Amino acid sequence: MAAPMQISLEEIITMLLSRVESLSANEENSKTKANILNRVLYKKGILTDEDIMESVKEEYRMLKELGVIQAEPGEEVYKTVTDGIVQWIKGDVDGIKKSMEEYEKKLQEYAREEAAKKPKIEVASANVLSQLDQASKGSKLIR
């Protein structure tokens, strides 16, 4: 009977990290190839804005049927997603940068709105508490 092979935790972690890096590199490579092929198809007129819109709608329909999302989004979301994909396929760097800036502004506004909704607890200074004690004519306030 062969002796069991021993491997350290560090070796396992190193192997796993190596595998994750490899998968990440493969994913980026696949994305790059897909982007290039989509640009070729778009430039040749084989892939159109309408095709992309139909595919976006089909994707959301499938996600709903699979139970991944509760409801399909509205036309505005379809248009936004389609516009983002078309910008990427066209290589519209300025448009992509503008969209990213608008998205960042929306996120910041949302964060401000959420922060404004949260209740705030304010603490009175010792001086204010003393004034309240004096105003209450000897009855002690809970501190």
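Everything numeric here is computed off the predicted structure, so don't read it as measured data. The figures here come from the full heavy-atom set of this structure, side chains too, leaving out hydrogens, waters and symmetry mates.
- The side-chain contact (heavy atoms from CB on, under 4.5 Å) test applied to D83 returns K79, not counting sequence neighbours.
- Not counting sequence neighbours, the partners of Q108 by the side-chain contact (heavy atoms from CB on, under 4.5 Å) test are E104, R112.
- Here CE of M62 is found 10.5 Å from OG of S55. Values are rounded to the nearest 0.5 Å.
- Sorted by first then second residue, the ring-ring contact (aromatic ring centres under 6.0 Å, His included) pairs that include residues 43-87, not counting sequence neighbours, are Y60-Y78.
- Within the structure, the ring-ring contact (aromatic ring centres under 6.0 Å, His included) test picks out no pair touching residues 12-51 (sequence neighbours left out).
- With a 4.5 Å cut-off between side-chain heavy atoms of Ile, Leu, Val, Met, Phe, Trp and Tyr, the cluster of Y103 takes in L107.
- Looking at every heavy atom in both residues, T82 comes nearest to D49 through CG2-O, 4.0 Å.
- When the salt bridge (charged side-chain N to carboxylate O under 4.0 Å, His left out) test is applied to E114, the partners found at least two apart in sequence or on another chain are K117.
- Taking CE of M53 as the start and CD1 of I85 as the end, the distance is 10.0 Å to the nearest 0.5 Å.
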### Task
Run the numbers on K57 and E75 for salt bridge (Lys or Arg N to Asp or Glu O under 4.0 Å), then give the verdict.
CA-CA 9 Å; K57 288 180 179 181; E75 284 297 317; 3.2 Å; yes

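- Screening residues 88-98 for side chain to side chain donor-acceptor pair (under 3.5 Å) gives N35-W88 as the qualifying pairs, with residues at least two apart or on separate chains.
- Here N29 contributes atom CG and S22 contributes atom OG; the two are 10.5 Å apart, rounded to the nearest 0.5 Å.
- Pairs passing the salt bridge (charged side-chain N to carboxylate O under 4.0 Å, His left out) check and including a residue from residues 60-73, sequence neighbours excluded, read E58-R61, R61-E65.
- At least one donor-acceptor pair closer than 3.5 Å links the side chain of D51 to the backbone N or O of T48.
- Residues satisfying the side-chain contact (heavy atoms from CB on, under 4.5 Å) test with I46, not counting sequence neighbours, are L41, K44.
- Without hydrogens or angle criteria, T32 side chain to E28 main chain gives a donor-acceptor distance under 3.5 Å.
- For E76, the CD atom sits in a loose shell: 12 or fewer heavy atoms of surrounding residues, nucleotides or ligands are nearer than 6.0 Å.
- Between the CD atom in E102 and the OG1 atom in T80 there is a gap of 10.0 Å [rounded to 0.5 Å].
- Hydrophobic cluster of I13: the remaining members, joined at side-chain heavy-atom separations below 4.5 Å, are L9, L17, listed by chain and number.
- Distance alone, capped at 3.5 Å, places no donor-acceptor pair between the S18 side chain and the T14 backbone.
- With sequence neighbours excluded, the residues forming a side-chain contact (heavy atoms from CB on, under 4.5 Å) with V68 are L63, L66, listed by chain and number.
- Tracing side-chain contacts under 4.5 Å through hydrophobic residues (I, L, V, M, F, W, Y), one reaches I69 starting from V77; they form part of the same cluster.
- By the neighbour-count criterion of 12 heavy atoms within 6.0 Å, atom CD of E109 is densely surrounded, having more than that number from other residues, nucleotides or ligands.
- Apart from M15 itself, the hydrophobic cluster it occupies contains I7, I12, L16, where clustering links Ile, Leu, Val, Met, Phe, Trp and Tyr at side-chain heavy-atom distances under 4.5 Å.
- Minimum interatomic distance between G91 and R39 (heavy atoms only, all atoms of both residues): N-NE, 4.1 Å.
- Using a distance-only test at 3.5 Å, with no hydrogens or angles considered, a donor-acceptor pair links the side chain of E11 to the main chain of S8.
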